[in-house]
Amino acid sequence: MQESLQYKLNKICQNIWNTSRTKLHLAMRHLDNAIYAFQFMPNETTAFLGTDGDCIFYNKKYLIKTYEKGIIYIHRAYIHMILHCLFGHPFHRNGRLIDYWNLACDIVVESILDQWNKEVIHLPVSSQRTRIYDGIKAQTKVLSAEKVYEALLYTRMTEQEFKQLQAEFEVDDHSFWREENRQPNQPPLQQRQKKWEDISNKVQMALQQFSDEAGQDGDLTTETLRLENRKRYQYSDFLRKFSVLREEAAIDLDSFDYNYYTYGLTMYGNMPFIEPQEWRETQKIRDFVIAIDTSMSCSGELIHNFLEETYSILTETDQYFSKVNIHILQCDDQIRDDTLITNPEQMEQYQQEFEVKGYGGTDFRPVFAHVEQLKKEKKLQDLKGLIYFTDGNGTFPEKCPDYDTAFVFMQEDYHDVKVPSWAIKLFLEPYDLAKHQRIDINGGLQ
């Protein structure tokens, strides 16, 4: 009898999920790759439902009760979990506080769903949500969980207020995101992450293909997916692109065999068989150019942040030669300043005393012409590349230079910037802006 009842409950639940999946497929063809990416598994360890990126786990009684309330709530939860996976939320916590990260992810997903004009998932938006969304929109056009997480950390809230926010936005059980809670026979976290990176890229392409059908909803999701899907570089790795191989005076402890060395000392006193080489080849930064766009569109605060990060990487990761040759150019539509840095002390002093010079228009061509002149004058003999910090709103040179060029964008809001095909494009997050954002749960973000 009990087995028969469980069989019927399982059958009912599978029918609910299949019905929901079919209706979502008909309404949102651009999400097909994601909609059909799950298996459905009953699980009594959760009070409601959740996903690990491979399965959707659900409490059977909760699912049936929610269905009786209205299948739209099933649709909504289904798409809610899909967006979590598309944006990489289960895989990018990286040591962040669990409760704050969970809430940030839910706010991002629900804010997108509340703006979608789709009948199958549309629910009335509460006044509290509207205030929160308005506050967030005042700070950023394209949301990310990282930005909302930082804002939550710097928001003064009582425990009760925080729980109110959780209750407002919580839809699914995020405990399945943790690797330690992996279910039996489920793929490891890395495999699930790779799966959703692939799906996310396919969905982004589908959104562009079905742009007329997706409409404004597609535009909003595409922008968020672009933010999540763009390749995230570590800036320290990025600087290594501009390193050159040179010999440096230092003992190379890896170039000889300790056995022969100690045998010689034992047998003949102070006569080792092999001496370590006193020169070694290393890859470190020798000559490169940092160009800083000081036009009206680049704020002084972002420039200072960029310089601080660059200085920190150069000094902390031992990327310097004992002598370097770094030209830091300030430029708008012309060269405003050229400062030569030859050691870490000068870099630190420059960063501390930096004052913006310029505020004109933006033209990238004078920088490249100036670099060519420095090369002709033999002031740049080992030039590996040029790093150009800018907002991208300027005239690019038509000719490809004979050295690597990277345009670095540090923007609070992501938007695609077209650079020449020969250039590297890199986005960096602003480092200190999040500290000035706080959520007022009565009035949004302040």
Side-chain angles (χ1 to χ4, degrees), residues 230-231 233-248 280-295 298 303 306-307 309-311 313-314 317-344 346-347 350 357-358 360-410 416-428:
R230 72 176 190 258
K231 189 173 183 179
Y233 290 92
Q234 290 292 329
Y235 192 42
S236 56
D237 295 336
F238 187 66
L239 282 181
R240 293 189 186 102
K241 287 180 177 289
F242 302 98
S243 64
V244 292
L245 189 65
R246 293 179 60 90
E247 285 190 335
E248 187 178 24
R280 65 179 176 185
E281 286 187 333
T282 58
Q283 279 198 321
K284 290 191 180 182
I285 291 167
R286 175 66 170 81
D287 288 5
F288 73 104
V289 176
I290 298 174
I292 301 172
D293 180 0
T294 57
S295 62
C298 285
I303 294 172
F306 171 71
L307 286 173
E309 181 70 3
T310 302
Y311 169 74
I313 291 170
L314 289 176
T317 60
D318 191 30
Q319 288 297 296
Y320 269 111
F321 279 111
S322 55
K323 181 175 175 61
V324 294
N325 201 29
I326 302 175
H327 284 263
I328 302 181
L329 310 179
Q330 291 195 56
C331 40
D332 41 30
D333 55 356
Q334 57 185 292
I335 304 300
R336 299 292 181 177
D337 183 69
D338 181 351
T339 300
L340 177 62
I341 303 295
T342 61
N343 58 59
Q346 289 179 354
M347 184 69 174
Y350 181 86
K357 300 175 183 178
T362 303
D363 190 338
F364 303 123
R365 294 170 296 180
V367 167
F368 291 86
H370 183 72
V371 169
E372 288 302 316
Q373 185 61 35
L374 292 174
K375 289 173 64 181
K376 289 179 182 179
E377 296 172 359
K378 307 297 183 182
K379 294 180 179 178
L380 287 171
Q381 299 185 52
D382 283 331
L383 179 62
K384 176 63 176 176
L386 181 151
I387 298 175
Y388 208 132
F389 172 67
T390 179
D391 64 356
N393 298 319
T395 305
F396 294 93
E398 295 181 1
K399 184 180 178 181
C400 173
D402 59 0
Y403 49 85
D404 291 337
T405 300
F407 289 91
V408 180
F409 306 94
M410 190 185 298
D416 202 14
V417 181
K418 292 184 178 179
V419 302
S421 58
W422 44 261
I424 300 168
K425 178 167 61 174
L426 171 68
F427 286 90
L428 298 176

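Only this structure's heavy atoms are used, side chains among them; waters, hydrogens and symmetry mates stay out. All residue numbers in this chain count up from 1 along the given sequence.
From H370, atom NE2 reaches atom CG of L329 across 5.0 Å, with rounding to the nearest 0.5 Å. Note that CD1 of I292 and OG1 of T390 are 11.0 Å apart. Values are rounded to the nearest 0.5 Å. Summarising the geometry, atom OH belonging to Y350 is positioned 7.0 Å from atom CD1 belonging to I341; distances are rounded to the nearest 0.5 Å.
Residues that satisfy the side-chain hydrogen bond (donor to acceptor under 3.5 Å, both in side chains) test with Q381, not counting sequence neighbours, are absent from this structure. Annotation: side-chain hydrogen bond (donor to acceptor under 3.5 Å, both in side chains) contacts of Q334 (sequence neighbours excluded): none. Not a single salt bridge (Lys or Arg N to Asp or Glu O under 4.0 Å) links E398 to another residue, sequence neighbours left out. In this structure, the side chain to side chain contact (heavy atoms under 4.5 Å, CB included) partners of K375, at least two apart in sequence or on a different chain, are V371, E372, L380, L383, D402, Y403. Residues forming a side chain to side chain contact (heavy atoms under 4.5 Å, CB included) with D333 (at least two apart in sequence, or on another chain): R336, D363. For the side-chain hydrogen bond (donor to acceptor under 3.5 Å, both in side chains) test, no residue two or more places apart in sequence or in another chain qualifies with T395.
When side chains are defined from C-beta on, F364 does not count as touching C331, because their heavy atoms never get closer than 4.5 Å. Using a 4.5 Å cut-off on side-chain heavy atoms (C-beta onward), M347 and I326 make no contact.
Shown here for W422 and K399, the closest heavy-atom pair between the two residues is CZ2-O, 3.8 Å. The two atoms that bring D293 and D332 nearest to each other are OD1-CA, 4.4 Å, heavy atoms only.
Under the 30°/60° scheme for interplanar angles, the aromatic rings of F407 and Y388 are found to lie parallel.
At distances below 3.5 Å, at least one donor-acceptor pair connects side-chain atoms of N325 with backbone N or O atoms of K379. Side-chain atoms of T294 come within 3.5 Å of backbone N or O of K357 as a donor-acceptor pair.
Just one of I424, V419, L386 meets the side-chain contact (heavy atoms from CB on, under 4.5 Å) condition when paired with T405; it is L386.
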